[in-house]
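Dropping a structure here in structure tokens format, bear with me for questions.
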Amino acid sequence: MDQATTPTTMRAVSQDIAGAPDVLRVVEVARPEPGRGEILVRVHAAGVNPADWKTRQRGEFATGARPPFTLGYDVAGVVEAVGAGVTLFQAGDEVFGMPRFPHPAGAYAEYVAAPARHFAQRPGGLTPIQAGALPLASLTAWQALVDTADVQPGQRVLIHAAAGGVGHLAVQIAKARGAYVIGTASAAKHELLRSLGADELIDYRTQDFTETLRGVDVVLDALGGPNWVRSLRTLRPGGMLISILPPDDTFPVKEAEAAGVRAVFMLVEPDNAGLRQIASLVEGGRLHVIVDEVFPLEEAARAHALGETGRTTGKIVLSVAP
């Protein structure tokens with residue numbers, strides 16, 4: 001379908017105020033048009049991430065954008081049209097990506113227009129739902145472990161919340177780099193994590209990881225708070241704690257320096273090259289995304305309510321179009 005025959009309006013999930021999941025509602029809005037260097041994507045699936053429900057709760061994006069707005073960063077779909085100057089894609093290409101982060105991307109909608117280089121070709125063998133689950137979580141894990149920590153074969157990597165959206169992908173990426181992978185998760189999720197490549201698992205409900213772990217090279221933390229300082233105790237001299245949560249006054253930069261280690265905060269970025277590396281791992285059978293639940297676009301509120309329980313394994317995805 002060319003842009004001339006594409007509908008001029010679309011369904012999108014919008015919110016007018018901050019609040020609980022029930023502030024999300026489906027509205028009819030104007031369909032975006034691709035600008036220079038952009039593509040128009042007909043969205044088939046949109047991943048649901050903690051960044052989404054945290055933005056909904058406070059009623060403001062990290063960049064200051066306020067309601068009304070449409071949430072969502074993870075996109076999997078088909079290129080509907082290309083803007084001037086785009087050479088990477090053409091209409092009909094199947095793509096996935098995390099456009100514009102941390103600026104509003106509006107993925108909970110039937111169409112998204114965004115920079116072409118914020119996308120990559122959808123990995124072969126993945127359904128749109130699986131591809132929609134990947135971008136933000138996999139790029140976070142890749143940029144933390146590869147670009148930031150440069151994990152090397154034989155290094156010891158501790159991944160907190162290892163069964164979560166970022167965690168289960170980080171386990172596999174660290175393993176693909178040749179690391180010895182340690183994960184924290186409830187005992188019920190240990191078998192799954194072993195199947196994904198984890199070498200050692202700690203049940204956070206019954207075990208204190210600080211009592212058993214030493215000589216860790218890299219800690220990837222998605223929990224924050226007291227976990228930051230506690231994680232420092234496991235690191236070898238010169239090791240690194242990477243937080244994917246924004247730091248507050250308790251972020252232990254000085255404590256890390258005193259201990260001879262580093263504590264850094266990493267914010268994920270749109271990344272065509274990273275997406276292509278992730279696609280290569282998927283196509284090589286070394287990276288598998290787990291989808292916990294799928295909801296139709298109209299049930300975005302239910303998807304948020306489930307995500308906020310903190311009890312999911314892997315990712316939650318909205319099915320937007322067939």
Side-chain angles (χ1 to χ4, degrees), residues 1 3 6-35 38-81 83 95-115 118-119 128-129 131-137 165 268 270 291-309 312 315-322:
M1 185 184 293
Q3 194 173 355
T6 303
T8 58
T9 63
M10 66 176 185
R11 293 180 307 140
V13 174
S14 182
Q15 70 177 90
D16 295 322
I17 59 172
D22 61 7
V23 302
L24 301 176
R25 59 193 180 90
V26 176
V27 298
E28 192 84 7
V29 296
R31 187 212 72 205
E33 295 187 4
E38 294 185 341
I39 57 176
L40 178 68
V41 177
R42 178 170 174 78
V43 180
H44 287 181
V48 177
N49 295 286
D52 300 344
W53 59 76
K54 291 176 182 177
T55 300
R56 186 210 75 231
Q57 290 166 352
R58 65 176 176 260
E60 183 177 359
F61 277 85
T63 55
R66 296 188 176 184
F69 52 59
T70 293
L71 295 169
Y73 293 104
D74 283 335
V75 175
V78 175
V79 176
E80 195 87 357
V95 296
F96 76 128
M98 184 199 71
R100 302 191 186 280
F101 190 89
H103 299 273
Y108 294 8
E110 292 181 308
Y111 294 91
V112 165
H118 291 183
F119 295 87
I129 293 294
L134 263 178
L136 191 149
V268 66
V291 177
D292 191 297
E293 292 282 352
V294 180
F295 295 88
L297 184 67
E298 294 81 3
E299 296 183 14
R302 284 186 60 207
H304 275 225
L306 175 62
E308 288 176 282
T309 67
T312 55
K315 294 295 299 294
I316 301 169
V317 181
L318 297 179
S319 177
V320 181

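Sequence positions, counted from 1, serve as the residue numbers for this chain. Keep in mind that this is a model prediction, so the values were computed, not measured.
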Checklist entry - Taking all non-hydrogen atoms of both residues, which atom of I39 and which atom of V79 are closest, and how far apart? => result CD1-CG2, 4.0 Å
Next on the checklist: Any donor-acceptor pair under 3.5 Å linking the side-chain atoms of K315 with those of N49?
Outcome noted: yes
Checklist entry - About how many Å separate OG1 of T9 and CD of E28, when rounded to the nearest 0.5 Å? => result 4.0 Å
Checklist entry - Where is the tightest heavy-atom contact between V48 and A303, given as atom of each residue plus distance? => result CG2-CB, 4.3 Å
Next on the checklist: Less than 4.5 Å apart, side chain to side chain, heavy atoms only: is that true for V29 and S14?
Outcome noted: no
Distance-only check: which donor-acceptor pairs under 3.5 Å involve side-chain atoms of residues 62-73, not counting sequence neighbours?
{"from": "T70", "atom 1": "OG1", "to": "V13", "atom 2": "O", "distance (Å)": "3.1"}
{"from": "Y73", "atom 1": "OH", "to": "P102", "atom 2": "O", "distance (Å)": "3.0"}

Checklist entry - Which value, rounded to the nearest 0.5 Å, describes the distance between L24 atom CG and D52 atom CG? => result 9.5 Å
Checklist entry - Which atom pair, heavy atoms only, marks the closest approach of P135 to A131? => result CD-O, 3.1 Å
Checklist entry - For the atom pair CD (E308) and CD (Q57), what is the distance rounded to the nearest 0.5 Å? => result 4.5 Å
Item to check | Separation between NE2 of H44 and CD1 of I129, rounded to the nearest 0.5 Å | outcome: 10.0 Å
Checklist entry - Do E110 side-chain atoms and R11 backbone N/O form a donor-acceptor pair below 3.5 Å? => result yes
Checklist entry - What are the two closest heavy atoms between A76 and P128, and how far apart are they? => result CB-O, 3.4 Å
Checklist entry - How far apart are the closest heavy atoms of D74 and G132, and which atoms are they? => result CB-O, 3.1 Å
Checklist entry - Ignoring hydrogens and geometry, is there a side-chain-to-backbone donor-acceptor pair from H118 to R100 under 3.5 Å? => result yes
Next on the checklist: Applying ring pair (Phe, Tyr, Trp, His ring centres under 6.0 Å), can you list everything that pairs with Y108, at least two apart in sequence or on another chain?
Outcome noted: H304
Next on the checklist: Under a 3.5 Å distance rule, please check whether R56 uses its side chain to pair with a backbone N or O of A18 as donor and acceptor.
Outcome noted: no
Next on the checklist: I need the R42 CZ to M10 CE distance, nearest 0.5 Å.
Outcome noted: 11.0 Å
Checklist outcome for this item: When every non-hydrogen atom of A133 is compared with those of V291, the smallest separation belongs to CB-CG2, 4.0 Å
Item to check | Residues F295, L306; criterion side chain to side chain contact (heavy atoms under 4.5 Å, CB included); working and verdict | outcome: CA-CA 11 Å; F295 295 88; L306 175 62; 3.9 Å; yes
